[in-house]
Amino acid sequence: VNAVNLLSVKETKAENDKEFKLYPNPANDYITLESEDKIIAVYAYDYTGKRIELKLETNNKVNVSSLVTGNYLLGIKTDKEFLTQKLIKK
């Protein structure tokens with residue numbers, strides 16, 4: 001019998017359809033996050049579920065150059081909620 005375990009996380013929309021943007025995506029070195037709420041922390045989750053803390057820099061820029069090429073799920077913690085967003089690292 002073949003067993004398959006899948007990690008699934010629902011991609012969420014910001015509360016009351018608030019505007020949230022992540023660009024560029026796919027990304028090389030940096031991404032920029034835009035939110036009406038204050039962004040407190042950003043995490044990347046790889047395909048194994050490993051959490052990688054990312055540094056939030058000035059103007060909500062995040063350095064993703066240390067991530068290896070692949071697909072990630074970003075966890076974005078704001079002062080009001082926790083959002084998830086897909087990211088492709090080139």
Side-chain angles (χ1 to χ4, degrees):
V1 175
N2 290 335
V4 177
N5 293 323
L6 296 176
L7 173 63
S8 176
V9 177
K10 181 180 175 188
E11 195 163 346
T12 58
K13 251 190 175 178
E15 180 180 297
N16 299 325
D17 289 335
K18 289 181 184 174
E19 194 67 28
F20 177 82
K21 293 181 183 176
L22 177 155
Y23 59 89
N25 194 6
N28 285 318
D29 297 323
Y30 284 89
I31 57 170
T32 300
L33 305 174
E34 289 184 7
S35 174
E36 293 176 13
D37 299 329
K38 181 180 179 185
I39 299 171
I40 297 169
V42 182
Y43 310 100
Y45 297 89
D46 67 13
Y47 70 94
T48 67
K50 178 183 171 191
R51 182 171 112 167
I52 304 157
E53 193 157 349
L54 299 174
K55 185 178 179 203
L56 186 63
E57 298 180 2
T58 309
N59 298 324
N60 289 336
K61 288 191 181 268
V62 178
N63 185 339
V64 295
S65 63
S66 63
L67 298 176
V68 297
T69 300
N71 296 313
Y72 293 86
L73 188 64
L74 290 185
I76 299 106
K77 182 179 180 184
T78 73
D79 57 350
K80 296 188 179 171
E81 60 192 327
F82 189 86
L83 305 168
T84 57
Q85 189 77 30
K86 293 175 187 171
L87 172 69
I88 299 170
K89 170 65 168 73
K90 289 200 269 183

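Formation of a donor-acceptor pair under 3.5 Å by the N25 side chain with backbone atoms of K86 is found in this model. Side-chain atoms of K61 never come within 3.5 Å of backbone atoms of Y30 as a donor-acceptor pair (strictly under, hydrogens ignored).
Closest non-hydrogen pair, S65 versus N63, comes out as OG-OD1, 2.6 Å. Here the closest heavy-atom approach between residue I31 and residue P24 is recorded as CG2-O, 3.6 Å.
Taking 4.5 Å as the limit, every side-chain heavy atom of L87 sits out of range of all side-chain heavy atoms of Q85. Using a 4.5 Å heavy-atom cutoff, the side chains of Y72 and I52 are in contact.
K38 NZ to N60 CG: the interatomic distance, rounded to the nearest 0.5 Å, is 10.0 Å. In this structure, CG on L67 lies 9.5 Å from OG1 on T69, to the nearest 0.5 angstrom. Rounding to the nearest 0.5 angstrom, the gap separating the CD1 atom in I40 from the OG atom in S35 is 10.5 Å.
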Output, in order, the C-alpha distance, side-chain angles, deciding distance and verdict of side-chain contact (heavy atoms from CB on, under 4.5 Å) for L54 and L74.
CA-CA 10 Å; L54 299 174; L74 290 185; 4.0 Å; yes
Could you walk me through whether E81 and D37 satisfy the side-chain contact (heavy atoms from CB on, under 4.5 Å) test, starting with their C-alpha distance in whole Å, then the side-chain angles of each, then the deciding distance to 0.1 Å, before giving a yes or no?
CA-CA 9 Å; E81 60 192 327; D37 299 329; 3.6 Å; yes
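Remark: of the listed residues L83, T78, I39, N59, I39 is the sole one forming a side-chain contact (heavy atoms from CB on, under 4.5 Å) with L33.
Residues Y23 and I76 do not share a hydrophobic cluster, clusters being chains of Ile/Leu/Val/Met/Phe/Trp/Tyr side chains in contact below 4.5 Å.
Checking T48 against D46 by side-chain atom types alone, a donor-acceptor pair falls below 3.5 Å.
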